[in-house]
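Right, one structure below, let's go through it.
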Amino acid sequence: MNGGARSLMFACALGQCVFGGLRAQLTGTIRFDFAPVGTTRYVVDGRYRMSERQVDLLEGPHRFVFWAPERRMLDTTINVAGGRVIDVPVTLRYSEEFIAWRRRNDRGRVERAWARYAPPVLMAGAAAWAIASYVKHEHAYTELRSLASEYATSVDPGRISEIKSEALPEAKNTLRTTGTGMVVAGGVFALATAATIHFRMRSRDRAVEPFEDKERVRFEGLVWSPMPGGELWGASISMPLHR
Amino acid sequence: MNRLIPLALILLLAGCRKDDVSITSLNNNPFDADFTGEDLFVSEGTELIVESIPGIGAVSRQVIRFRVRSELFLPGQAGRPYSVQVEDRTTGVGVYLDQAGAGDHRFTYILAVPMPGEQVCLELRLANNFSEARAETICETL
């Protein structure tokens, strides 16, 4: 039990001493079943910030504001029955802001993944294509030179005629085609490399947008504390320090 | 990585081979039907020879001798075997003459019936595997 709860019990005891003669007040216990477990916090009657799963309170209605990170606040009143223990399930729904942020972030994550992995894959493919095109082009050139050399040594007029009318034109065509393919593959490789660099740099600039939990700010501004010199409304500011 | 792109492109473009073989300029092979070089065949004259055939007796034949200018062959063709197709323009007879031996470029064509005083023209072609190169004509008169 924290200080706030103890104060509450003290206030209850004082009330009993002063007004005991008028009416005896009993306390009751509330046992919470939180979802999410472990991170749910709440404010009782606008004064006491607590996170215990069990709390003893004077009988009667008490105002509770529950909150957990990324969840929407739940403002409700629970009637405490004197001398009894009641189990209260508290399920906090995700806040609209968090849902919108997560949706945005998921979309951003997919985009980042595409931007991160697609260009290198394309680049690797283009590189393989460029290398294969280069090998094919070299092979076509070798074939052309080999035919030219065969022409110079052949003593078979039939083969010479075949070289000039069929084999050489075909080899020249293959050389031209493979040359074009190699230039195109080289261009695609250059573009893919440029895209990889561009997206890498852009994704480096674009950090993941942090979630600003506005519900938390509202929740932390809810506390009103009685002080010797007067009451105090508590407020807090959250600053994302990781940026 | 930024420097890799132009480098890769330069390498790729440098690797682009130029088509430096012109089909129309391929005409220096004596075995090519489109050969544009000098005449390959040189006539070495004609003469009358008399053969003695047992049972028949003496038979006259006209012999036409010619030579292939092997010095016009390309370097890789030296020593390679070949034939010469001879077409007698007068009689229309066509035959293939093989080399007498490796490196022998002299050939002899024999007419069964001599034609004294008449010009005999032969159409000659280098040949191999029953395909022929450029035709040249030599003429001789006995």
Side-chain angles (χ1 to χ4, degrees), chain A residues 120 123 126-127 130-131 133-135 137-169 171-176 178-187 189-198 200-201, chain B residues 1-37 40 68 70 72-85 96 99 102 105 124-135:
Chain A
M123 190 178 86
I131 291 166
S133 300
Y134 175 76
V135 170
H137 186 61
E138 275 296 306
H139 184 259
Y141 184 72
T142 309
E143 177 69 15
L144 185 72
R145 294 305 315 168
S146 154
L147 285 168
S149 149
E150 188 184 346
Y151 170 83
T153 55
S154 179
V155 292
D156 183 343
R159 175 61 186 154
I160 288 169
S161 170
E162 190 185 311
I163 288 170
K164 289 177 73 176
S165 62
E166 292 171 29
L168 271 175
K172 284 163 88 72
N173 189 41
T174 308
L175 183 73
R176 194 169 45 247
T178 54
T180 308
M182 196 174 77
V183 170
V184 171
F189 172 67
L191 282 176
T193 311
T196 303
I197 293 166
H198 171 73
R200 277 270 161 87
M201 287 169 77
Chain B
M1 201 170 186
N2 282 334
R3 290 175 193 164
L4 279 178
I5 307 171
L7 191 70
L9 277 179
I10 288 165
L11 278 175
L12 214 66
L13 290 174
C16 204
R17 295 291 196 167
K18 192 170 177 284
D19 179 1
D20 49 7
V21 177
S22 166
I23 295 174
T24 50
S25 68
L26 291 179
N27 48 26
N28 60 338
N29 187 334
F31 289 84
D32 185 354
D34 302 322
F35 178 60
T36 54
L40 277 164
V68 173
S70 60
L72 296 177
F73 285 3
L74 296 171
Q77 295 173 323
R80 306 274 299 275
Y82 64 92
S83 308
V84 174
Q85 188 203 37
Y96 283 99
Q99 286 175 285
H105 303 289
L124 305 173
R125 290 181 173 92
L126 290 178
N128 242 330
N129 296 325
F130 303 103
S131 59
E132 298 82 29
R134 185 183 73 175

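Residue numbering restarts at 1 for every chain, and letters A, B, ... go by the order of the sequence lines. Keep in mind that what you see is a predicted model, and the values were worked out from it rather than measured.
In terms of modelled atom types and a separation under 3.5 Å, the side chain of B/D19 and the main chain of A/K172 share no donor-acceptor contact.
Of the listed residues A/S154, A/A127, A/A171, the one with more heavy-atom pairs under 4.5 angstrom with chain B than any other is A/S154. Note: B/R80 leads B/R80, B/R125, B/R134 in heavy-atom pairs under 4.5 Å with chain A.
Closest heavy-atom contact between B/S131 and A/P157: O-CG, 3.3 Å. Across all non-hydrogen atoms, the minimal contact from A/A152 to B/L74 is O-CD1, 3.3 Å. For the pair A/H137 and B/R17, the tightest heavy-atom approach, listed with the atom from each and the gap, is NE2-N, 2.7 Å. In terms of heavy atoms, A/K164 sits closest to B/L26 at NZ-O, 2.7 Å. Between A/T153 and B/Q77, the closest heavy-atom pair is O-CG, 3.6 Å. What you find for A/Y151 and B/N29 is that their closest heavy atoms are O-ND2, 2.5 Å.
Residues A/P169 and B/I23 are in side-chain contact: their nearest non-hydrogen atoms beyond the backbone lie under 4.5 Å apart. By the 4.5 Å heavy-atom criterion applied to side chains, A/V155 and B/F73 are not counted as neighbours. A heavy-atom distance below 4.5 Å is not found between the side chains of A/R159 and B/N129.
Residue B/F130 qualifies as open at atom CZ: its count of foreign heavy atoms under 6.0 Å is 12 or below. The environment of A/H198 atom NE2 is dense: over 12 non-hydrogen atoms of other residues, nucleotides or ligands sit within 6.0 angstrom.
In this structure, chain A has no heavy atom under 4.5 Å from any part of B/P75. When heavy atoms are compared at a cutoff of 4.5 Å, B/A133 approaches chain A by way of both its backbone and its side chain. With a 4.5 angstrom heavy-atom cutoff, A/R176 does not touch chain B via any of its atoms. Looking at A/L168, the atoms closer than 4.5 Å to chain B (heavy atoms on both sides) sit in the backbone and in the side chain alike. Neither the backbone nor the side chain of B/S83 comes within contact range of chain A, judged by heavy atoms closer than 4.5 Å.
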| request: Go through the steps for A/Y141 and B/D20 under the test side-chain contact (heavy atoms from CB on, under 4.5 Å), then give the verdict. | output: CA-CA 10 Å; A/Y141 184 72; B/D20 49 7; 3.2 Å; yes
